[in-house]
Amino acid sequence: MVRLFSRAIQMDDRQSSKGNQIKWSDGIYWYKTDYTGYEGFAEYMVSHLLQYSILKPEEYVLYETEEIEYGNQVYKGCKSRNFLEKGWQLITLERLFQAHFGESLYKAIYKIQDTKDRLRFLVEQTRRMTGLDDFGKYMCKMLTIDALFLNEDRHTHNIAVLWDGENRFDYCPVFDQGAGLLSDITMDYPLGRDVLELMAKAEAKTFCFSFEEQLDVAEELYGGQIHFHFGEKEIRELSEAEKIYSGEVKKRVGAILLQQRRKYRYLFLPNS
């Protein structure tokens, strides 16, 4: 358990369609408490399963679950190492677009009718603003992760780049998967309900409501960018190693992951 004090808090003002998690930074780690369910466990499982992919460690944020004491309450949640230690700043695409053009990127995207054109617009505008020529491949990786793990909260406030404060930009590690794996048990996905029925309700938020359509468009434009090599054994071992979430939550998450693995079988390397 970690005990946090108000004098150490640096609140994160990035918005979320799922509400406002309590977030702290002590300069070394970021801490997030659960808000609608088991977001911390979702962050833990998704990020640790990304270790069983072709991504490099620096391409994603690794989360660990944590019990967080603040005030008179103890929360479940997670922590991740601050990846901005070397002086980089994180700037969201929404903020970057606003600074350049004086309008909302989200609204600009949804003025465009076609999903493919929406993605192409975001990629091209980001490339123009940052000089990151492979941003299309970066977005394809992100949308693949979101589809596989059912992350419903990928919007222009949590797609970001790194900025040195002057003229240099770099790719930001993929972060913020807490709205994945049907973690919202307060409003949308109560425990005890049929998993397949609930999974059918999950919706993307970035370019359209369909995870499949977003991924199809991204792969068509930029090619497949990520493959995985985990199975039931790795899912079970990661789940058993985690110590603060309930068996009911772990059982449901395991069922979701196995179902998604079957659905997106082509994303998995042979013999995995």
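Only this structure's heavy atoms are used, side chains among them; waters, hydrogens and symmetry mates stay out.
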Could you walk me through whether T115 and E213 satisfy the side-chain hydrogen bond (donor to acceptor under 3.5 Å, both in side chains) test, starting with their C-alpha distance in whole Å, then the side-chain angles of each, then the deciding distance to 0.1 Å, before giving a yes or no?
CA-CA 8 Å; T115 301; E213 182 179 349; 2.7 Å; yes

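- A salt bridge links R193 and E197; the closest N-O separation between the charged side-chain nitrogens and carboxylate oxygens is under 4.0 Å.
- The pair D176-K32 meets the salt-bridge criterion, since a charged nitrogen lies less than 4.0 angstrom from a carboxylate oxygen.
- A ring-centre distance under 6.0 Å is found for F41 and Y245.
- Proximity of a side-chain donor or acceptor of E220 to a complementary backbone N or O of Y222 within less than 3.5 Å is not detected.
- Between the side chain of E234 and the backbone N or O of G231, at least one donor-acceptor pair lies under 3.5 Å.
- Note on E103 versus K107: no salt bridge recorded, every NZ/NE/NH1/NH2 to OD/OE distance being 4.0 Å or above.
- Looking only at distances, no side-chain donor or acceptor of K141 sits under 3.5 Å from a matching main-chain atom of I226.
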Worked verdict on C78 versus W30 for side-chain contact (heavy atoms from CB on, under 4.5 Å)
CA-CA 8 Å; C78 61; W30 274 103; over 6 Å; no

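- Between W24 and Y70, the ring-plane angle classifies as perpendicular under the 30° and 60° cut-offs.
- Judged purely by atom type and a 3.5 angstrom limit, T126 uses its side chain to pair as donor or acceptor with the backbone of L122.
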One pair to check against side-chain hydrogen bond (donor to acceptor under 3.5 Å, both in side chains): Y189 and E152. What are the steps and the verdict?
CA-CA 12 Å; Y189 308 112; E152 293 190 292; 2.7 Å; yes

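- A ring-centre distance under 6.0 Å is found for Y110 and Y106.
- Side-chain N or O atoms of Y38 include one that pairs as donor or acceptor with a backbone N or O of L181 at under 3.5 Å.
- Ring pair F230/Y52 is perpendicular by interplanar angle, where above 60° counts as perpendicular and below 30° as parallel.
- Put simply, the side chain of S183 gets close to the backbone of G178: a donor and an acceptor are under 3.5 Å apart.
- The pair K79-E43 does not meet the salt-bridge criterion, since no charged nitrogen lies less than 4.0 angstrom from a carboxylate oxygen.
- Between the E94 side chain and the T156 main chain, no donor and acceptor come within less than 3.5 Å of each other.
- Looking only at distances, a side-chain donor or acceptor of Q214 sits under 3.5 Å from a matching main-chain atom of F207.
- Comment: K76 does not engage E67 in a salt bridge, judged by the lack of any side-chain N to carboxylate O separation of less than 4.0 angstrom.
- Between the H229 side chain and the P270 main chain, no donor and acceptor come within less than 3.5 Å of each other.
- Relative orientation of the F149 and F228 rings is perpendicular, given thresholds of 30° and 60° on the angle between their planes.
- Here the side chains of Y171 and L132 are in contact, with some heavy-atom distance below 4.5 Å.
- Note on K251 versus E248: no salt bridge recorded, every NZ/NE/NH1/NH2 to OD/OE distance being 4.0 Å or above.
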